[in-house]
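The chains referred to below are lettered A, B, ... by the order of the sequence lines, with proteins before strands, and numbering in each begins at 1.
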Amino acid sequence: MADGEPLQYAAMAEHSYDPQSVELRAQAWWRDNQSFRATEDAGRQKYYCLSMFPYPSGKLHMGHVRNYTIGDVISRYQRMLGRNVLQPMGWDAFGLPAENAAIQNRVPPAKWTYENIDVMRGQLKRLGYAYDWDREVTTCSPEYYRWEQWFFTRLFRKGLAYKKNAVVNWDPVDQTVLANEQVIDGRGWRSGAVVERREIPQWFLKITDYAQELLDSLDQLTGWPEAVKTMQRNWIGRSQGVEIVFPVADGGESLKVYTTRPDTIFGVTFMAVAAEHPMVAPVAERDPEVARFVEECRQGAITEADIETMEKKGLPLGLEAVNPLNGERIPIWVGNFVLMSYGTGAVMGVPGHDQRDWEFARRFGLPVAPVVRPADGSDPGIDQAAYEDKGVLYNSGEFDDLEFQEAFDAIAERLERDDRGERRVNFRLRDWGVSRQRYWGCPIPIINCPVCGPVPVPDDQLPVVFPEVTQLEAGLDRARLTESFMRTTCPECGGPAERETDTFDTFVESSWYFARYTSPGCETGMVDGRADHWLPVDQYIGGIEHAVLHLLYARFFHKLMRDEGLIHSDEPFTRLLTQGMVLNEIFYRKSADGRIQYFNPAEVEVRADEKGARTAVLASDGGPVESAGIGTMSKSKNNGVDPQRLIDRYGADTVRLFMMFASPPEQTLDWNDDAVAGSFRYLRRLWSLVQNHADLIANAPESPGGKDLDPELQAIRTTTHDILDRVCRDYERHQFNTVVAACMELTNLLEKHDWQAGGESGASVLREAVTILLKVLAPVVPHICHVLWERLAFQGGLLDAAWPEVDRQALVRESVVMVVQVNGKRRAEIEVPSGAADDGVREAALANPRVQHHVQGKSVRKCIVVPDKLVNLVVG
RNA sequence: GCCGAGGUGGCGAAACUGGUAGACGCGCCAGACUCAAAAUCUGGUGGUGGCAACACCGUGCCGGUUCGAGUCCGGCCCUCGGUACCA
């Protein structure tokens, strides 16, 4: 069949499965009954199920479909368990791609964004997600960000927002600040110019004030994956160490460093400072080599990954620090791996006991001095690598023979007594820089007065809204902020002043949207009393890529809102499911001037020759394209798969089913749509099974009784309840792929039986099984199940049907098949009464001729029995 | 570099607390139906050897613990996510 051609079974037979009409019918029913409107109801247990809202980049991609299907399955499952479910949806609508589209296509960012939202909202509705659309939130609308501005002015007054200098990527050609993503190999993506580091004043939020609480309350998040909590703990990075002051010889200003290993202080053989350190500038003035080095450090990217992996370079400044404990003189170097914005902008180098310092010292011929050795007094062996273990001190004067903690305390006390340092708890976490030099973002509500300094915009003048622009130009993003917008008067002194033109990081909007959903239409504040009804979110679902930044910022904002008295819980998300990324291959071409153009895998043909070597060509022109491996589906890499094609061809249920069946939710998924047809085939089989027996089922007794069934029907009942038992367990642990597999198993079983000849008891066994099947499949494929439920003339909507219960008595079997191993190798199977005693099992196993063959002539030394499962005879 | 996760048939995967490796599905092969094809249905399908019964091998690599290891421990390789201005 040609790709994209719609299936035409509907035209072929009246009763064949036509997803488009089935889905239209189910969705109309939900709409007419306002099924998903959530109301605060004190009488029912609430369940707030939230999926991370999308950035409206154009169309849904498979990552969205995966995310939102998981959320919808959980919402519908919880609803059938009787909970009052709230499931909202909205748009993370500010961001860089809108500006890029504006520049490239000369379309205003607002128009581009709202058009994308309309397309994507339509797609979400087509997929049948059970959202309460009355609560929709769009972060780029002034009604939303007004309250963000309001909140920021409160934080400013509390001293939790402040301004300081920070480094940005500066494109000297386009005269603009670049995001890290826009810097490729140290060059601006559009101009190709070498990017410079530039310090500019920026707004920060004091997340470090909450570092300890953000760390401590992770322990209470028992519904979060350990991996995410570990990443957040490491990110916050609490450490106990000592801040040490090294005087600089010949009267220079002293050098402050932080270390968690003060026990190695006698092994310091160099100091390294950042190029931007105040100590460096005077040296650069007289030493051209240093000046050149500083200039070199000013270029290139600013990400931690770049800095940590680049070649470590350094240059001696000709200055010396003095070791505060032994008076030794230590050369001070400037190093490209030390950043002014991290810590104090200076580090002490201990090559004997730090691998990075060891490599630096080796490279530049600096001495390596061992001062810590293993407890047994053996040589630490620093010729090949640094000795980083904690051990016992030597070569350390009066501190010799102390082990780590004793040495730490003794040295810290000595430094404190001499006023040369102090013990400190340090966090790796840095304050959150929220300033962005962009147009398409929430304006920071501050007025800069030459007399009063930064002054918050008064509440009655909020929201601050930028003038609309019809187009943006690269490098001139903020020039559209007209004179009349910037010119204003100071709210404090009434004198002339200028408006702040920076906007917020888009992570600010996504740090409180979950709270806004609880209070739609609220015009008196960020949220109202309804927030405490719904919060915290019971289940949050989103990509693992948000494990640290978004999820940490949202936790931070929740605590800020709590401390403002707006809400009364400590954490925003009780349970967290981190969905694995959907990956796809990335294809590109590099043009002569170094620019990269990406091609969607749908436009690329991959061929393999006889030797298995792959070549990829663009279908349209037959020319070769390069593969950049596989990566997360993204707009920027143009490797997304458009789910619309699959919806048009197979319907929403097939897409939902396939997504859930393809792999467990937390696992990375390499996209391959070859198997989607199999999910459609399954739904068609389900449809036929129910349709072919609909009247039989509708007229059958509800309960199959249980006692007088013939063995074959009894076996079907046992399997049905066994499968239900597994399905319940798998829903609870969110492993939906095996839920689907179990349903397929049950369907296969039911298809094989001749029900028309089975009489009334057979019909009731079928009725029970089909009822269970439709109920447990409903969260995954709600449309087809809804319509089949109607066909069976069952009372009430399937949506609110009670979740089926496992009949424990039906699970009891009279005999079981056990595996017999000899010396750990599987040799036979035996059938024994279930619950048989160990001795009986052993005898039955030894009686088996195949077992005898392997035991022959040897004595049984040991016999291990796992009841009802396995017996292992150890012979020799 | 650092932090986190993953690696099982041709492919997506399953295996609950250390107990039958490969459920379920895709693909492929064979058969039925058909003038033929598609669709559908039935059966087979980890590898090697063997007519077969069956035997041996097999969960990224090397080693260990155990009656028994995909699962636990030590070391390594590769892939993916994050790395503070992509969202």
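Within the 4.0 Å cut-off from OP1 or OP2 of C26(B), at least one side-chain nitrogen or oxygen of Arg681(A) is found. Within the 4.0 Å cut-off from OP1 or OP2 of G25(B), at least one side-chain nitrogen or oxygen of Arg685(A) is found. Remark: Arg684(A) is in phosphate contact with U40(B), judged by side-chain N or O atoms under 4.0 Å from OP1 or OP2.
Partners of Thr738(A) by side chain to side chain donor-acceptor pair (under 3.5 Å), not counting sequence neighbours, listed by chain and number: Asp730(A), Gln735(A). Scored by the ring-ring contact (aromatic ring centres under 6.0 Å, His included) test, Trp203(A) finds Phe152(A), Phe156(A) as partners (sequence neighbours excluded). In terms of the side chain to side chain contact (heavy atoms under 4.5 Å, CB included) criterion, residue partners of Asn823(A) (sequence neighbours excluded) are, by chain and number, Val874(A), Val875(A). For Leu339(A), the side chain to side chain contact (heavy atoms under 4.5 Å, CB included) partners at least two apart in sequence or on another chain are Arg197(A), Ile307(A), Ser341(A), Tyr342(A). Applying the side chain to side chain donor-acceptor pair (under 3.5 Å) rule to Ser688(A) yields no partners; only residues at least two apart in sequence or on another chain are considered. The side chain to side chain donor-acceptor pair (under 3.5 Å) test applied to Arg726(A) returns Asp722(A), Glu745(A), not counting sequence neighbours. Residues satisfying the side chain to side chain contact (heavy atoms under 4.5 Å, CB included) criterion with Gln202(A), sequence neighbours excluded, are Ala166(A), Val168(A), Ile200(A), Phe204(A), Ser435(A), Gln437(A).
One interatomic measurement links the two molecules: CG of Leu552(A) to C1' of C3(B), which rounds to 14 Å at whole-angstrom precision. C26(B) atom C1' lies 13 Å from atom CG of Leu657(A), rounded to whole Å. In this structure, CG of Leu689(A) is placed 16 Å from C1' of U40(B), rounded to the nearest angstrom. Between Ile723(A) atom CD1 and C24(B) atom P there is a gap of 10 Å when expressed in whole angstrom units. Atom CD in Glu666(A) sits roughly 13 Å away from atom C1' in G4(B) (whole-Å rounding). For Asn748(A) and C24(B), the CG to P distance is 7 Å, given to the nearest whole Å. For Phe680(A) and A38(B), the CZ to P distance is 18 Å, given to the nearest whole Å. Following rounding to the nearest Å, Leu870(A) (CG) and A21(B) (C1') show an atom-to-atom distance of 13 Å.
With C1' as the reference atom, A15(B) and G1(B) are 37 Å apart, rounded to whole Å. Nucleotides U45(B) and C26(B) place their C1' atoms 13 Å apart, quoted to the nearest Å. Taking the P atom of each, A69(B) and C16(B) are spaced 16 Å apart, rounded to whole Å. Going from the P atom of G22(B) to that of G44(B) covers 15 Å, rounded to whole Å. For the P atom pair drawn from G19(B) and G70(B), the interatomic distance equals 11 Å after rounding to whole Å. Rounded to whole Å, the P atom of U8(B) lies 16 Å from the corresponding atom of A23(B). Using atom P as the reference point in both G7(B) and C33(B), the two lie 45 Å apart (nearest Å). Taking atom C1' in both A87(B) and A13(B), one finds a spacing of 30 Å when rounded to whole Å.
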Quick one: what's the B/S/- string for nucleotides 47-67 of chain B, heavy-atom cutoff under 4.0 Å, read 5' to 3'?
-------SSSS---------B
What does the B/S/- profile of nucleotides 81-86 of chain B look like, 5' to 3', with a 4.0 Å heavy-atom cutoff to protein?
BSBBBB
Can you give one letter per nucleotide of nucleotides 70-78 of chain B, 5' to 3': B if a protein heavy atom sits under 4.0 Å from the base, S if only from the sugar-phosphate, - if neither?
---------
Strand RNA chain B in bracket notation, Watson-Crick/G-U under 3.5 Å with | for pairs to another chain:
(((((((..(((......[....)))((((((.......))))))((((....))))..(((((..]....))))))))))))....
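A glycosidic torsion no more than 90° from 0 defines the syn conformation, and G9(B) adopts it.
Taking the six-membered ring for Trp and the full ring otherwise, Phe658(A) and Trp671(A) have centroids separated by under 6.0 Å. In this structure, the ring of Tyr17(A) has its center less than 6.0 angstrom from the ring center of Phe680(A).
Note that the OG atom of Ser663(A) and the CG atom of Asn737(A) stand 6.5 Å from one another [nearest 0.5 Å].
Salt bridge Glu388(A)/Arg261(A): absent, no basic N to carboxylate O contact under 4.0 Å. Salt-bridge formation is not detected for the pair Arg436(A)/Glu509(A): no Lys NZ or Arg NE/NH1/NH2 atom is positioned less than 4.0 Å from an Asp or Glu carboxylate oxygen. Look at Lys229(A) and Glu226(A) and you find a salt bridge, because one of the NZ, NE, NH1 or NH2 atoms lies within 4.0 Å of a carboxylate O, short of that distance. Using a cutoff of 4.0 Å between basic side-chain nitrogens and carboxylate oxygens, Arg438(A) and Glu99(A) are not scored as salt-bridged. No salt bridge links Glu829(A) with Arg850(A); every basic N to acidic carboxylate O contact stays at or beyond 4.0 Å.
Asp670(A) and Asn584(A) form no side-chain donor-acceptor contact under 3.5 Å, judged by distance and modelled atom types alone.
Each of Glu751(A) and Ala628(A) lies near RNA chain B, and the nucleotide nearest Glu751(A) is the one positioned closer to the 5' end.
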Quick test: give all pairs of protein nitrogen or oxygen and nucleotides 9-18 of chain B nitrogen or oxygen below 3.5 Å, distance rounded to 0.1 Å.
unit_1	atom_1	unit_2	atom_2	d
G12(B)	O2'	Ala662(A)	O	2.5
A13(B)	OP1	Gln667(A)	NE2	3.1
A13(B)	O3'	Asn737(A)	ND2	3.3
A14(B)	OP1	Asn737(A)	ND2	3.0
A15(B)	OP1	Arg733(A)	NH2	2.8
A15(B)	OP1	Gln735(A)	NE2	3.0
C16(B)	N3	Arg729(A)	NH1	3.3

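Other residues, nucleotides and ligands place no more than 12 heavy atoms under 6.0 Å from the CD atom of Gln384(A).
Side-chain contact between Leu689(A) and Thr747(A): present, with at least one pair of heavy atoms (C-beta onward) separated by less than 4.5 Å.
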